[in-house]
Each structure stands twice: as C-alpha cells, then as structure tokens.
Trainee: 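Structure below; questions to follow.
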Amino acid sequence: MDEGDDAQLMQRYARGDLRAFEQLYGRHRSALYNYLNRHTRDRDAASDLFQEVWARVIASRERYEPRAKFRTFLSIWRSEERRVGKECR
C-alpha cells in the first residue's frame, strides 16, 4: 500500500469521489478494527469506536492536508475515540 496513494485518495474523496473513499475504507478497515478491538477487548466498544473514527474521517475530509501519512490521520482519530470511550465507561 502506497501512502502517497492514500493521500491522493483522501484528496479525491474531499472533492466528492466516493470511490476514493471506498478504496481508503477497504485498505484500512481491518487494521483499524483489529487495533480498536485489541485495545478495548470489547467487540461492541470496538465497533462503536470504529464507526466514530470513520464518521470523523468523513466529517473532516475537506480539511485533510497530506502533511502526514493517512494512517497518522486515522491514528489521531482512533486515539481520540479510545480516550473518549474510556471516559464513558
């Protein structure tokens, strides 16, 4: 997987290309879910956090700037969601 491709896909998605989002989602969904599941040890919580991370990616797509790898962008959201999830328990 080429991180440059991820940045291009995110930029295309920001311009309205839904296929670009589908590709990003397909590339990162398993790794993201597995990460959240390992850290929460709760499938329901991991699923909720997974949805929240992707909702934030969608909501922030127009503000995305490819200064860092897309995985870094994702990790910021997943870290924030994990923190919020812990506070809610």
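Just so you know, these numbers come straight off a predicted model, no measurement behind them.
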Trainee: Could you list all the salt bridge (charged side-chain N to carboxylate O under 4.0 Å, His left out) pairs where at least one residue sits in residues 12-26, not counting sequence neighbours?
Mentor: Arg12-Asp17
Trainee: Going by side chain to side chain contact (heavy atoms under 4.5 Å, CB included), name the residues that satisfy it together with Arg38, two or more places apart in sequence or in a different chain.
Mentor: Asn34, Tyr35
Trainee: Looking at residues at least two apart in the chain, or sitting in another chain, which of them share a side chain to side chain contact (heavy atoms under 4.5 Å, CB included) with Arg61?
Mentor: Met10, Tyr13, Ile58
Trainee: Is there side-chain contact between Arg27 and Leu9, with heavy atoms separated by less than 4.5 Å?
Mentor: yes
Trainee: Out of curiosity, Asp5 CG to Leu24 CG, how far, rounded to the nearest 0.5 Å?
Mentor: 10.0 Å
Trainee: Search all heavy atoms of Thr40 against all heavy atoms of Ala45 and return the closest pair with its distance.
Mentor: CB-CB, 4.2 Å
Trainee: Let me confirm one number: the OG-CG distance from Ser47 to Asn37, rounded to the nearest 0.5 Å.
Mentor: 7.5 Å
Trainee: Could you please spell out the steps behind the side-chain contact (heavy atoms from CB on, under 4.5 Å) verdict for His28 and Asp6?
Mentor: CA-CA 10 Å; His28 297 281; Asp6 284 346; 2.9 Å; yes
